[in-house]
Amino acid sequence: MDKKNKSATSFLYDLNFLKILTTRRLIIICFLGIIFWIGLGVKMFEPDIWRHLATGRYILENRAFPQIEVFSYTALSKSWIAYSWLAEIIFFKISLLGINWLIILRVFLITVVFGIILKTVYNRTGNFNLAVLISFIIIVSFGPSWEERPQLFSFVFTGLFTYILSEYKYRNKDYLWVLPFIMLFWVNLHIYFIIGWILIALYVIGEYFRNRLDWSNNPRLSPEQIRKLVKILLVCIVVSFLNPYTYRIFFQAYEFVTMGATAEVAGEMRSPSFHLSLVFLFEILMFIAFLSFICSPRRPDFTEWCIFFGFTHQSFYALRNMPFWGIVTASIYTPYLNDVINLISSKFKKKFELNSSGKDEPQVEGLLKKCSLVFNWVFLCGLIIIINLRVPYSKEIKSCVQERSYPIQAVEFIKENKLPGPMFNSLLWGSYLIYMLYPEYKVAFDGRTQVYGDKLLQEYCDVQNINPGWQDVLEKYKVNFILWRREKPLTQILIKDTNWELIYQDEWAVIFIKKTENNKKIIERFGQQVLNEKEIKP
């Protein structure tokens, strides 16, 4: 019996590693699981992912970085900078395993961002529950940005910059040497690498003036530490030149946000409308932040105000900047929110203090710990099984995308019947058409507003909105067939236009071909009755 008991005890000791799954760690895993569950259920809907895949394929096939436009005939030979070339190669390589792997990559990067925000907030507040809750709300708040695009890498790197600078200021931990290495990857992955510059610069400016006129008792950087930050900023700027386009990438970033027609065709460049439901969580977080500043017994220092209002301005400037506000400012307002929570909880403790007998029950506590440990592992196994059922194992494009977002069947029709171009297309479908039809076909427009410029984008808007002269645009480019969205007003106009014939229709897309002698055989084969106008709902 003794030997049996001894062996059983040693066996339990060998299983000591099971104790690593504490309740706190299980909570983190649960929230990560929820994010995975939500993310894996969202099919691909980001139009630009296809152009990113096509660009990655183009770079690998030609072993060169594109310098001029090759995918579009309207902007042919215009200057083109593939500023996300490294991300595009990564996306394309992963897509070779199956389109579904892009969905998994997207969810993985989002969970990494969640972990970085959680760690940053926890180090600032010491409140685990608050850190988990705020991090989760932030991630859910930029759900509309859960898209397969290089911007995901900017989320990760913004989080890392925020964490490292926060540790440097508030905990006197120096990881600054990592920042130039992050910048080296960031500048080749996404155009928002400049956020790294801005973050360091805000810390430098804020701490410099803070040492002269600030009233706050928060930790502050010494002049030596500020000088080190300046050196790191200069190194990061120099490192930013280490990309295939050197200094030209900086002008690209400027052009990206200053074109007049951009906001009309790219909704993410518009200021957020608080009438939209997707802005609701952002509004809540903003309210919580200001309420925390007001109710906390402490006051933010000059650096914190610079960072908070700097990124608040950018979030009001364009919708696509809202997630960056969430990532950066979480470490600013949560310590003050924690102060408010502590004040409230202390008042409730005094008012509703419970008398305890003080008798320990070690046996009951030990039993509860064991039961909790078993529950944790059973719950984790169940969570893994449930998430596994959510994974999109199919590698087919149709099963991994939102079908109404792309003209899947219409593209097959074009390829099978080799319709003669040029083709005029919906801008939202342009990237998908590049991926599926290039080099046989070039698109008229796609989502690269910085390539087309105001003049070309205005021509597209003239056709889309049926402005005076829209037919002249089609004549200018000698358009032979039009691939358009079924529910759009242009479809109704083309139905009545005697110069165009409907040759294809499905639930989402229509194709009209120009009535010419060269297209006579195609029209005789595929010409259809005019669509019932009642079927088309603009």
Side-chain angles (χ1 to χ4, degrees), residues 47-48 51 69 71-78 255-271 273 275-276 318-320 404-407 410 414 419 421-434 441-505 508-516 519 530-538:
D48 287 344
R51 186 250 306 161
E69 172 56 26
F71 295 141
S72 168
Y73 64 82
T74 59
L76 197 63
S77 298
K78 288 190 67 174
E255 293 176 4
F256 185 78
V257 296
T258 56
M259 288 185 295
T262 297
E264 185 171 351
V265 297
E268 64 179 11
M269 297 306 298
R270 299 171 186 168
S271 296
S273 169
H275 297 286
L276 301 176
L319 270 170
R320 69 176 297 159
R404 67 173 300 169
S405 300
Y406 308 106
I414 293 171
L419 299 183
M423 162 185 64
F424 195 88
N425 60 278
S426 169
L427 181 144
L428 290 178
W429 288 345
S431 293
Y432 180 75
L433 298 175
I434 289 172
Y441 294 88
K442 289 182 172 63
V443 299
F445 293 93
D446 65 274
R448 294 168 299 160
T449 53
Q450 72 280 4
V451 171
Y452 294 96
D454 283 355
K455 185 177 180 181
L456 289 178
L457 288 175
Q458 187 57 56
E459 289 182 342
Y460 173 81
C461 291
D462 288 342
V463 176
Q464 176 183 249
N465 301 327
I466 322 172
N467 295 334
W470 67 272
Q471 294 168 315
D472 296 336
V473 176
L474 299 180
E475 288 294 331
K476 174 182 177 180
Y477 295 109
K478 296 181 172 52
V479 174
N480 192 56
F481 72 92
I482 301 172
L483 171 58
W484 208 248
R485 299 169 70 181
R486 181 187 177 102
E487 77 280 7
K488 292 299 180 180
L490 179 62
T491 301
Q492 300 180 46
I493 299 299
L494 291 175
I495 288 172
K496 302 173 183 178
D497 196 321
T498 56
N499 295 317
W500 297 91
E501 179 74 22
L502 176 69
I503 60 171
Y504 174 87
Q505 61 171 306
W508 319 115
V510 290
I511 298 177
F512 291 90
I513 197 166
K514 194 170 183 61
K515 288 182 179 179
T516 63
N519 295 329
V530 174
L531 285 170
N532 187 343
E533 292 185 37
K534 294 182 180 180
E535 295 178 0
I536 304 175
K537 300 177 182 180

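What you are looking at is a predicted structure, and each value in this text was computed from that prediction instead of being measured.
- In terms of heavy-atom proximity, Ala509 sits nearest to Trp429 at CB-CH2, 3.6 Å.
- Taking every heavy atom of both residues into account, Asn467 and Cys461 meet most closely at ND2-O, 3.7 Å.
- No hydrogens or angles considered: a donor-acceptor pair under 3.5 Å links the side chains of Asp462 and Gln458.
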Evaluate the criterion side-chain contact (heavy atoms from CB on, under 4.5 Å) for residue pair Ile493 and Trp470; output intermediate values, then yes/no. CA-CA 11 Å; Ile493 299 299; Trp470 67 272; 3.6 Å; yes

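- Between Ile482 and the choices Leu474, Thr491, Ile513, Ile511, the side chain to side chain contact (heavy atoms under 4.5 Å, CB included) rule is met once, by Leu474.
- Rounded to the nearest 0.5 angstrom, Gln464 CD and Phe424 CZ are separated by 8.5 Å.
- Distance check, rounded to the nearest 0.5 Å: CG of Asp48 to CG of Leu428 gives 9.0 Å.
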Determine whether Lys78 and Tyr452 satisfy the following criterion, side-chain contact (heavy atoms from CB on, under 4.5 Å), listing intermediate values before the conclusion. CA-CA 8 Å; Lys78 288 190 67 174; Tyr452 294 96; 5.5 Å; no

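- Of all the heavy atoms in Asp446 and Arg51, the pair that sits closest is OD2-NE, 4.0 Å.
- You'll find the side chain of Leu483 stays beyond 4.5 Å of the side chain of Ser426, heavy atoms only.
- A heavy-atom distance below 4.5 Å is found between the side chains of Val463 and Leu490.
- For the pair Glu69 (side chain) and Phe71 (backbone), a donor-acceptor distance under 3.5 Å is present.
- The shortest distance between side-chain heavy atoms of Pro489 and Ile466 falls below 4.5 Å.
- The CH2 atom of Trp500 sits 9.0 Å away from the CG atom of Asn519 when rounded to the nearest 0.5 Å.
- Residues Asn425 and Gly430 approach most closely at ND2-CA, 3.5 Å, considering heavy atoms.
- Residue Tyr441 comes nearest to Gly421 through the heavy atom pair CE2-N, 4.4 Å, listed as atom of the first residue, atom of the second, then distance.
- Tyr477 and Glu459 form a side-chain donor-acceptor contact under 3.5 Å, judged by distance and modelled atom types alone.
- In terms of heavy atoms, Leu457 sits closest to Phe445 at N-CE2, 4.5 Å.
- Asn480 CG to Thr516 OG1: the interatomic distance, rounded to the nearest 0.5 Å, is 5.5 Å.
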side-chain contact (heavy atoms from CB on, under 4.5 Å) evaluation trace for Ile503 with Phe481: CA-CA 10 Å; Ile503 60 171; Phe481 72 92; 5.6 Å; no

Apply side-chain contact (heavy atoms from CB on, under 4.5 Å) to the pair Met423 and Lys442, showing each step before the final yes or no. CA-CA 7 Å; Met423 162 185 64; Lys442 289 182 172 63; over 6 Å; no

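- Atoms CD and CZ, on Gln505 and Arg486 in that order, are 5.0 Å from each other to the nearest 0.5 Å.
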If you apply the rule salt bridge (charged side-chain N to carboxylate O under 4.0 Å, His left out), what do you find for Lys514 with Glu501, and how did you get there? CA-CA 6 Å; Lys514 194 170 183 61; Glu501 179 74 22; over 6 Å; no

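- The shortest distance between side-chain heavy atoms of Tyr460 and Thr74 does not fall below 4.5 Å.
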